[in-house]
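Please read the structure below before turning to the comments.
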Amino acid sequence: MRSYDFIIVGLGTAGSATCMSLARRGYKVLGLDQFSPPHTRGSHHGLSRSVRRAYPEGSSYVVMAQKSWELWRRLEKDSGQNLLIKTGNLTLGPPDCPALSGFLRSAQKHEILHEYLSALEVEKRWPQFSLPDYFYAGLENEAGIVFPERAITAFLNEARQAAADLHVNEGVEQWTELAAGVEVRTSRASYQGGRLLLAAGAWSKNLSGRLSAVLTPKRIAVHWIEPAAEEPFSLGQFPVNFWQVPVFSDPVFPEGFKEFYSLPMLQPGGQIKVAFHNGLSDGDPDSGSHTIRDDETTMIHEMITAYLPGLAGCPMQVNACFYTMTPDKDFYLGRLPESQHVFGAALAGHGFKFAPLLGELLADLLLDLPSPVDIAMFSPERFAKL
Ligand SMILES: Cc1cc2nc3c(=O)[nH]c(=O)nc-3n(C[C@H](O)[C@H](O)[C@H](O)COP(=O)(O)OP(=O)(O)OC[C@H]3O[C@@H](n4cnc5c(N)ncnc54)[C@H](O)[C@@H]3O)c2cc1C
């Protein structure tokens with residue numbers, strides 16, 4: 001049986017970056033994936049992911065976003081690929097909504113360059129948007145998008161160059177923790193490793209009963225719209241935009257607001273991506289969850305008609321993507337409860353922007369090294385009582 005220092009299950013976002021980090025540090029690494037990443041079955045497809053630094057969800061994220069930006073630029077140099085592009089990022093909603101008030105708090109506290117704009121100012125700068133008079137927007141100019149498929153290919157290429165063994169189309173069926181390590185059985189063979197990282201995204205619950213209690217796959221209906229007039233929605237003209245729109249007594253949105261976002265077209269003849277970020281259905285990446293319901297498309301139509309009217313009536317395609325949600329919407333990074341050698345990673349629907357740093361942080365965790373960033377808030381121990 002072949003033996004490794006580390007076995008990584010899942011070569012998507014978290015897994016590919018961790019393989020790169022560990023292999024570059026000189027460890028013997030085996031990475032396994034049931035498919036051949038990048039692929040369109042999990043959480044990392046769809047051409048673009050937003051990258052921003054003002055992060056209402058907590059200070060750790062801001063520090064991580066700042067470090068990640070540098071690491072994306074470094075990966076671009078190492079791989080010779082263009083991975084990150086500046087577009088600006090708008091957070092829009094009523095001034096007291098959590099996203100916008102949190103944006104301002106985070107930007108001020110961490111001295112992130114930003115502007116605060118009235119509805120009128122937004123519409124003057126970007127006539128593509130239509131805002132109720134009482135809406136405001138926070139603009140972060142030094143924000144943008146990363147290209148996820150290219151990024152994962154870069155992580156995997158770098159890991160291979162650093163001598164990682166990466167096996168694709170080889171699903172993990174079972175793992176067993178031993179006194180001094182782990183044993184992993186796949187569809188093809190068995191392997192031994194010192195430590196194991198489960199970075200299986202939306203399939204996490206299949207791999208450990210203990211994870212299934214806190215990690216829920218959510219299905220996102222991603223709508224791709226072909227604008228009639230391309231220029232206003234193209235790169236350089238159209239910032240990434242995230243909206244928090246108040247709703248009253250809607251059981252689908254118990255938080256009291258709808259959250260949706262859109263990202264620019266990446267090339268002529270391309271499409272705008274629009275999706276909801278909350279009110280999501282539970283999903284299963286192996287089942288019919290890939291089918292999008294008519295009511296989901298109707299809700300997107302309503303949002304477009306109200307807030308992006310230039311897109312109303314334009315041809316639209318849909319596909320599914322998955323978040324792996326934790327109960328508090330923060331990441332899950334660390335050792336599985338009651339385990340010595342088995343670790344898990346789940347990114348709660350907003351992890352791509354941090355991928356190169358997450359690779360470093362997870363490698364540190366697997367090596368029992370102190371973390372350069374305070375990641376206590378992501379510890380699985382916070383769910384011990386659930
Ligand atoms: C529509 C959408 C938009 C998003 N937008 C943003 C954004 O703008 N900004 C941002 O930062 N984040 C965003 N995210 C979130 C981000 O993309 C995810 O947090 C991230 O990709 C999750 O990475 P992962 O490694 O957990 O999962 P994946 O990248 O899906 O990787 C998991 C891998 O595990 C493999 N696997 C599973 N089970 C097994 C097994 N038994 N054996 C072997 N392999 C297995 C899978 O095949 C897969 O390749 C978005 C997500 C979606 C769906």
Side-chain angles (χ1 to χ4, degrees), residues 7-19 30-52 55 57 61 64-65 68 72 87 89 143-149 151-152 155-156 166-175 184-188 196-208 211 215 217-224 240-242 260-263 273-277 280 283 285-286 318-326 329-333 344-355 357-359 362:
I7 300 179
I8 311 297
V9 181
L11 294 175
T13 313
S16 64
T18 309
C19 282
L30 171 66
L32 296 161
D33 202 288
Q34 60 189 347
F35 304 126
S36 183
H39 58 76
T40 57
R41 305 282 299 270
S43 306
H44 59 247
H45 57 290
L47 304 177
S48 54
R49 291 290 183 272
S50 89
V51 186
R52 61 196 158 93
Y55 227 87
E57 293 87 341
Y61 288 114
M64 286 168 60
S68 299
W72 282 121
T87 61
N89 189 309
I145 51 182
V146 282
F147 306 118
E149 289 86 353
I152 285 179
F155 288 135
L156 295 176
L166 305 182
H167 296 191
V168 296
N169 301 312
E170 182 170 348
V172 170
E173 293 172 350
Q174 201 184 351
W175 56 267
V184 171
R185 184 165 55 76
T186 72
S187 48
R188 286 194 225 147
L196 172 67
L197 174 68
L198 301 173
W203 290 266
S204 295
K205 62 195 309 175
N206 299 353
L207 285 173
S208 162
L211 283 182
L215 303 183
K218 293 279 181 184
R219 203 282 314 270
I220 293 80
V222 183
H223 289 70
W224 297 89
V240 172
N241 51 98
F242 179 88
F260 81 102
Y261 54 84
S262 76
L263 279 76
K273 178 159 70 174
V274 188
F276 276 100
H277 187 60
L280 306 170
D286 287 327
V318 283
N319 66 359
C321 192
F322 292 85
Y323 289 173
T324 309
M325 291 311 292
T326 58
K329 303 183 184 166
D330 287 318
F331 299 161
Y332 179 112
L333 302 178
L347 306 183
H350 58 118
F352 205 93
K353 62 182 75 59
F354 306 104
L357 180 70
L358 286 169
L362 286 163

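Note that the coordinates shown come from a computational prediction; the quantities given were computed from them, not determined experimentally. Numbering of ligands and ligand atoms starts at 1, following listing order.
- Remark: ligand 1 and Y261 share no N or O pair separated by less than 3.5 Å (distance only, no angle test).
- The shortest contact between atom 31 (O) of ligand 1 and any protein heavy atom is with G12 CA, 3.3 Å.
- Protein heavy atom in closest approach to atom 25 (O) of ligand 1: A14 N, 3.0 Å.
- Of all non-hydrogen atoms in T87 and G144, the two that sit nearest each other are OG1-CA, 3.3 Å.
- Residues T186 and E170 have side chains in contact (heavy-atom distance under 4.5 Å, counting atoms from C-beta outward).
- Heavy-atom separations between G46 and ligand 1 are all 4.0 Å or longer.
- The six-membered or imidazole ring of H277 lies near that of F242, with a centre-to-centre distance under 6.0 Å.
- At a heavy-atom cutoff of 4.0 Å, ligand 1 is contacted by no atom of R41, backbone or side chain.
- Near F322, the atoms of ligand 1 lying under 4.0 angstrom from a non-hydrogen atom of the residue are 53 (C).
- Note: F331 and H350 have tilted aromatic rings, judged against thresholds of 30 and 60 degrees for the angle between ring planes.
- Here the protein heavy atom with the shortest distance to atom 53 (C) of ligand 1 is C321 SG, 2.4 Å.
- The protein non-hydrogen atom at the shortest distance from atom 10 (C) of ligand 1 is K353 NZ, 3.3 Å.
- The heavy atom nearest to atom 1 (C) of ligand 1, considering only I145, T18, V222, is found in V222.
- The N/O atoms of S43, backbone and side chain alike, include one that comes under 3.5 Å of an N/O atom in ligand 1.
- Of the listed residues (Q34, R49, H44), the one carrying the non-hydrogen atom nearest atom 13 (C) of ligand 1 is R49.
- Near A199, meaning under 4.0 Å from one of its heavy atoms, ligand 1 places the atoms 32 (C), 33 (C), 34 (O).
- A donor-acceptor contact shorter than 3.5 Å is absent between the side chain of Q174 and the backbone of R185.
- Counting heavy atoms from C-beta outward, H44 and L347 have side chains that stay 4.5 Å or more apart.
- Proximity to G201 (heavy-atom distance under 4.0 Å) selects the following atoms of ligand 1: 26 (O), 27 (O), 32 (C).
- The distance from atom CZ of F352 to atom OG1 of T13, rounded to the nearest 0.5 Å, is 4.5 Å.
- Closest protein heavy atom to atom 8 (O) of ligand 1: S50 N, 2.7 Å.
- With respect to atom 42 (N) of ligand 1, the closest heavy atom belonging to the protein is V172 N, 2.8 Å.
- The protein heavy-atom contact nearest to atom 21 (O) of ligand 1 is T13 OG1, 2.7 Å.
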Distance-only donor-acceptor pairs under 3.5 Å for side chains of residues 31-42, two or more places apart:
from, atom 1, to, atom 2, distance (Å)
D33, OD1, F35, N, 2.8
D33, OD2, L11, N, 2.7
H39, ND1, R41, N, 3.1

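- Counting heavy atoms from C-beta on, the side chains of R49 and I145 never come closer than 4.5 Å.
- Shown in contact with L347 at under 4.0 Å from a heavy atom are these atoms of ligand 1, numbered in order with element: 19 (O), 22 (C), 23 (O).
- Scanning the protein for heavy atoms near atom 38 (N) of ligand 1, the closest one is W203 CB, 3.3 Å.
- E57 has no carboxylate O lying under 4.0 Å from a charged side-chain N of K353, or vice versa, which leaves the two without a salt bridge.
- Close approach of ligand 1 to Y323 is summarised as follows: ligand atoms under 4.0 Å from at least one heavy atom of the residue are 2 (C), 50 (C), 51 (C), 52 (C), 53 (C).
- Heavy-atom proximity to L32, at under 4.0 Å, picks out these atoms of ligand 1: 43 (C), 44 (N).
- A donor-acceptor pair under 3.5 Å is absent between the side-chain atoms of S43 and the main chain of Y323, judged by distance alone.
- Note on ligand 1: H45 sits outside its first shell, no heavy atom being nearer than 4.0 Å.
- Contact analysis leaves A346 out of contact with ligand 1, as no non-hydrogen atom separation drops below 4.0 angstrom.
- Residue contact check: G171 has heavy atoms under 4.0 Å from atoms 42 (N), 43 (C) of ligand 1.
- By heavy-atom distance, the residue among I8, V9, V240, D33 lying nearest atom 48 (C) of ligand 1 is D33.
- By the side-chain hydrogen bond (donor to acceptor under 3.5 Å, both in side chains) test, W175 is found to be paired with no residue, residues two or more places apart in sequence or in another chain being considered.
- Close placement of the Y55 and F354 rings is indicated, their centers lying within 6.0 Å of each other.
- The closest donor-acceptor contact from the side chain of K273 to the backbone of S48 lies under 3.5 Å.
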